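Values in this document were obtained by computation on a predicted structure and should not be read as measured data. Every chain is numbered from 1 and lettered A, B, ... according to where its sequence line falls, protein lines coming before strand lines.
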Amino acid sequence: MYATDSLRIHSIESFGTHDGPGIRLVVFTQGCHFRCLYCANPDTWDLHQGSEISIDEIVRMAVAQKSFFGKKGGVTISGGEPTLQRLALLSLFKKLHAEGINAALDSNGKILNDEVKALLKETDYLLLDVKHINDEWHHLLTSVSNQSVLEVAAYREQTGKAMWLRYVLVPGYSDQEEYLHQLGEHFKHYKSIEKIEIQPYHQLGVHKWEALGKTYELAHVQPPNQECIDKTKNIFKMYFKEVVVN
Amino acid sequence: MEVITKTKAFTKGLWNSRIDVRNFIQTNLTPYEGDSSFLTGPTEATQQLWAICLEAMAYERANNGVVDIDTETISTITSHQAGYIEKSLEKIVGLQTDALLKRAMKPYGGVRIVEGAVKEKGLEMAERVKEIFNYTKDHNSGVFDAYDPEILNYRKQGVLTGLPDNYARGRIIGDYRRLALYGIDQLIEAKKADKLAINGEMTEHKIRLREEVSMQIKALEDIRTLGEMYGLQLNRPAENAQEAIQWVYMAYLAATKEQDGAAMSLGNVSAFIDIYIERDLQAGLLTEQEAQELIDHFVMKLRMIRHLRPGAYDQIFAGDPTWVTEAIGGQLTDGRTKVTKTAFRFLQTLYNLGASPEPNLTVLWSQALPEGFKNFCAKVSLDTSSIQYENDDLMRECRGTDDYGIACCVSHQEIGKRIQFFGARTNLAKTLLLAINEGKDEKDGTPILKNIPALQGEFLDYTQVMANFKLAMQQVAEVYARAMNIIHYCHDKYYYEKAQLAFIDTDPGIDIAYGAAGISIIADSLSAIRYAKVKPIRNEKGIAIDYQIEGEYPMFGNDNDKVDSLAQEVTQFFIETLKQHKTYKNANSTLSLLTITSNVMYGKMTGNTPDGRKAGEPFAPGANPMHGRDVNGAIASLNSVAKLDYRYALDGISNTMSLVPKSLGNNRNVQTENLVALLDGYFAKKAHHLNVNVLNRDMLMDAYENPEKYPQLTIRVSGYAVNFIRLTKAHQLEVITRTFHECM
């Protein structure tokens, strides 16, 4: 159902420094099945919007900026939810590897099937968004269950390949101490997790909701203060070797 | 040529038997591969002196930009008695006049301009000085006696602008190190030998050369006198680090007392000075703190250099710049690094004395630079936005030397071997409009170019426009070359840089530096015409005063070959056209894609362009993509500019990038690491130059509103740095509205 030689994308950032190691070409794909209340890019939800770009064009762009990648940088596919276009991505990642360029995948972990497993095998860094450790809260925040997310994490752990967890910190929704500890307990023995990134909730995407005629339900929620961020950081530090605030 | 000292003797080499500073550096350099941890802060004397300077600069700002002017004296090497900031504290001495920031008159570029500049400050040039020019002539009068009506028309209509025809051309870099290594006596001896060797049948070239060398010898004698005023024995070589720096500075100071060139670079002195410092450190004659203090005091003096400028000068060179450009780092052709501890010490002045536009510190970036130095440079950029970068690997490869400085903003110049004839620039965007309008000015209909065919059809046709544009560029090149030859002939005749040329080989090679502004407007306009449909809206006289664009087209700054190749093609065509013309003194023609701050003025002088830019809107600076059109982020933008081939623009391709700190990463270490990767990446693509600003827009807005809070806020513009609050409000706004690369 999806093309294998092209991607439907929202936009491209050639100078990404917040989605994986080093300087990265970040491709934001179009389409997502989550409906996160705080989504900063609701314009990436609709599978049919955005524009089409060939895999070869992305490879060309990556090669053109390879000299900027240094020892660490590479390409990151973010979204939207990239795994919706897993077949094209598999082909893209193989081509990137043939060019000596590493590939990172920023995913919400909604899908885990053989095709996604094949893609993960070609993924050098999995940036996995864990929205909440508690399934009911996860439902509330994203409209779907966290079951598959935890399965993707467990699968990644089995393969032994690098994974970064990403955690959006929303006051009143995902800053409860007991759940932060629970998340830490759940993952503390994972060897594949190199770091966890706290992404403080922000309201920079609110205007997009308005433009799309959607109601932004978190209008009353303020970004976390320093105290809240520090508290979360300190809790995570008990379980993870590296905690950063993005 | 023995250098007699109590310390270890220098390693001998070719430099002992001829004037050859490069060889001295090659044989005596101590490359430094470590990090910045050895550096020290300012001494108490440094802090006290700098406090006096800060106070003087605050007064200068409050007093209409000038502390004082000596209206009685024509400035020469020996015209003023010794001046000090605070004599008892100064390790390195010498001011241009007898008082701090007091400006001097150098009227040989154009006496009327100087007279006007004095008047603007509420003062009057002494009658005695005016009287002198009843009997002598200045550069400006010479040029205008020789100009033809066509050049005058191009100038008036803003096709050629900023030409150094009423001010000093600058751009010549003396090898000021020679004074320290050899002393006046040996330099005079060498020049006398050169003069003797200019013999046989007297051609015009030889006669001029003999006269020039004689003037250089006179300048060297004057510099000896200048030294005596400060109690310095400049007749002999420097014997220690303090003297080496002092001697270098005296040679430079002499140049700035005689000349007020738009840009008067210092060259590439840090590795040279380091040899003396290293020797004194080894001998226990100097501590690190004292070594840093010497550099701090030297740099402080360089920050106090001033020239007397008219207000109108601000249009092309905003912020009262002096371009004391010092090139730092780079690699030697033998593979060793030229980075020394003194390269670090120069950058450290930005901490010890705070951020500053001058001296214009330029890091010569090589992939092979030591990691410790790369990291320190990135840190300094993050903290101060005061330094620029140029591609050492590229310039060594294309220009064939490892001993070069940067003339003015971005231009390569071999030290002591070659000089440059500065040529400001032509407005290439306006040239395109002339091509569309049968050679008539788009604003007032004045005929400028001849025989440009009328365009056919409702929409602009790419093939027709390109053909016309090439015709237009050919005519502009012809007139431009004529103007340049006249200017430099007259400058040599009426305002010869004897103090600088005294420190340069006799009969040096010359580059004549043409310039072009508006390359990104050209690329986007041609792209729109080729890939979308552009309909000109013509007025009753048939002149296209606006354009309607239908459809999409690729824009410069997004790493798209379709449009980037247009910028490449035009650049190559223009330099090849320029090269077809004869040059004064057989100079080699080069081209820059650089605007300085004149991108604002060019914008005002240029009507609507086919890329959708509105009349009056500023051009992008240098070779930058137009604001807001580089939508795929910083790397794609850099990649587009990197495609402009340095071989076709040997005078330099300026690119200015503004980043908010967060866009480089989450914390200082990551930001440093990513900035190093970014510089490595850009220069690996054979790009030439990059200004790096790491700033928040909010801070600039605040500085715009509350200048008094930011006395030292420094930002990079096209090829140099300026004190933000000394820019005009229009320039400040232009900087604020530029593309800032942020992150999603």
* Asked: Under 3.5 Å, side chain of His18(A) to main-chain N/O of Leu664(B), donor-acceptor pair present?
  -> no
* **Residues from residues 68-77 of chain A approaching chain B under 4.5 Å (heavy atoms)** => Phe68(A), Lys72(A)
* **Per-residue contacts, residues 232-246 of chain A versus chain B, heavy atoms under 4.5 Å** => Val245(A), Asn246(A)
* NZ of Lys686(B): more than 12 outside heavy atoms within 6.0 angstrom? -> no
* Can you establish whether the number of heavy atoms outside Glu217(A) located under 6.0 Å from its atom CD is more than 12? => no
* **Set of residues satisfying side-chain hydrogen bond (donor to acceptor under 3.5 Å, both in side chains) with respect to Glu227(A), sequence neighbours excluded** => none
* Using non-hydrogen atoms and a 4.5 Å limit, figure out which bit of Phe683(B) sits close to chain A: side chain, backbone, both or neither. => neither
* Asked: At a heavy-atom separation under 4.5 Å, does Leu679(B) approach chain A through its side chain, its backbone, both, or neither?
  -> neither
Rounded to the nearest 0.5 Å, how far apart are [atom1] of [X] and [atom2] of [Y]?
X: Gln65(A); Y: Asp559(B); atom1: CD; atom2: CG; answer: 7.5 Å
X: Met61(A); Y: Asn639(B); atom1: CE; atom2: CG; answer: 9.0 Å
X: Gln367(B); Y: Ser67(A); atom1: CD; atom2: OG; answer: 7.5 Å

* Check: Ile635(B) and Ile23(A) side chains under 4.5 Å, non-hydrogen atoms -> yes
* **Counterpart residues, side-chain contact (heavy atoms from CB on, under 4.5 Å), relative to Val631(B) (two or more places apart)** => Asn558(B)
* **Audit row: Phe15(A), Leu659(B), side-chain contact (heavy atoms from CB on, under 4.5 Å) steps and yes/no** => CA-CA 11 Å; Phe15(A) 184 50; Leu659(B) 298 159; 3.7 Å; yes
